[in-house]
Amino acid sequence: PEVPLSLDPPLVGPGGELGNDNGSTWCAHVFRGGSPGAANRACNELVLSEVLYDFDQPVGAGNDDGQEFIEIAGPAGGSLTNVYVAGIEGSPTGQGTLNGSAVAITGTRMPLDGLYVVADQLTGMTTSLVPNADQVSNFDLENGPDAVQLYRSNGTTHVGLDAFAYGAVPTGLVDTVRGLPAIEGMPVPDLGPTIY
């Protein structure tokens with residue numbers, strides 16, 4: 001209710017007057033509202049809204065397997081085509097390199113609530129301990145200092161969408177694979193037993 005639909009002009013394209021008949025060219029900015037009198041916002045604006053990378057920190061070196069997740073927020077119905085999340089090494093040894101493999105988002109469009117959750121897969125299973133996940137993939141977010149990167153890529157062109165760093169990660173860190181920022185702003189402090 002009270003969330004206006006928005007036509008995504010780049011998806012319709014020049015001369016695409018009938019493109020507005022296609023539901024995939026529309027989205028709803030559930031977190032940003034309308035844009036009366038201004039150009040429509042793009043339907044492909046995505047951000048990292050929540051990351052859980054160290055589930056067992058308060059009780060020591062526990063097992064994070066199947067407990068970690070990355071939540072992406074964006075316009076309902078927005079395109080998730082060619083979107084990836086990746087862990088980036090933030091410690092001095094190997095700084096800027098990829099931690100494991102990038103995870104391709106398997107969904108094609110953002111769900112109606114504007115949130116898409118990628119959960120860590122339990123080893124040897126096809127499930128996760130994260131409830132209501134939209135996607136279960138095998139990944140391991142290292143404890144800090146590290147970063148999580150959200151980007152769109154067609155294989156040759158890479159566009160950074162958002163980046164989040166935790167622990168003692170230097171500002172301005174760029175990944176060594178795609179050359180995209182691994183951090184925006186300042187990193188958050190790494191979790192400790194007194195910070196949870």
Side-chain angles (χ1 to χ4, degrees), residues 44-74 80-107 110 115-192 195-196:
N44 61 1
E45 296 175 343
L46 303 173
V47 296
L48 295 165
S49 62
E50 191 171 348
V51 174
L52 178 60
Y53 66 89
D54 195 2
F55 180 80
D56 285 332
Q57 171 61 34
V59 294
N63 185 359
D64 295 331
D65 186 35
Q67 305 275 13
E68 299 172 327
F69 67 85
I70 299 168
E71 182 182 76
I72 303 166
L80 294 173
T81 303
N82 296 328
V83 173
Y84 296 82
V85 290
I88 306 297
E89 182 61 54
S91 61
T93 303
Q95 202 166 67
T97 60
L98 200 61
N99 281 335
S101 300
V103 175
I105 302 303
T106 58
M110 181 62 76
L115 300 171
Y116 190 91
V117 176
V118 183
D120 178 37
Q121 179 178 323
L122 277 162
T123 301
M125 308 285 283
T126 58
T127 60
S128 174
L129 297 174
V130 177
N132 304 316
D134 297 290
Q135 175 178 334
V136 176
S137 294
N138 189 16
F139 64 88
D140 181 25
L141 296 174
E142 292 184 359
N143 298 344
D146 283 309
V148 177
Q149 193 179 62
L150 176 68
Y151 65 97
R152 199 178 292 269
S153 175
N154 63 9
T156 55
T157 303
H158 315 292
V159 177
L161 302 174
D162 200 9
F164 163 79
Y166 47 95
V169 176
T171 57
L173 178 64
V174 173
D175 79 79
T176 60
V177 177
R178 294 168 297 278
L180 297 175
I183 179 174
E184 290 184 358
M186 299 294 292
V188 299
D190 200 6
L191 291 177
I195 304 170
Y196 183 60

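Not measured: the values here are computed from a predicted model.
In this structure, NE2 on His158 lies 8.5 Å from CG on Asp175, to the nearest 0.5 angstrom. With rounding to the nearest 0.5 angstrom, the CD atom of Glu45 is 11.5 Å from the CE atom of Met110.
Side-chain contact annotation: Gln135 with Tyr116, donor-acceptor N/O pair under 3.5 Å present. For the residue pair Asn99 / Asp140, no side-chain donor-acceptor distance below 3.5 Å is found, with atom types taken as modelled.
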**Glu89/Ser91 under side-chain hydrogen bond (donor to acceptor under 3.5 Å, both in side chains): CA gap, chis, key distance, verdict** = CA-CA 6 Å; Glu89 182 61 54; Ser91 61; 2.3 Å; yes
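Ring-plane geometry between Tyr166 and Tyr53 is classed as parallel, the angle between the planes falling under 30 degrees on a 0 to 90 degree scale with a further cut at 60.
Using a 4.5 Å heavy-atom cutoff, the side chains of Phe69 and Glu50 are in contact. Put simply, the side chain of Val51 reaches to within 4.5 Å of the side chain of Leu141, judged on heavy atoms. The closest side-chain heavy-atom distance from Ile72 to Leu150 is below 4.5 Å.
Applying the side-chain hydrogen bond (donor to acceptor under 3.5 Å, both in side chains) criterion to Arg152, with sequence neighbours excluded, gives no partner residue.
The residue from Val130, Thr106, Val136, Val103 that alone fulfils the side-chain contact (heavy atoms from CB on, under 4.5 Å) condition with Val118 is Val103.
Residue pairs meeting the side chain to side chain donor-acceptor pair (under 3.5 Å) criterion with at least one member in residues 119-128, sequence neighbours excluded, are Asp65-Thr123.
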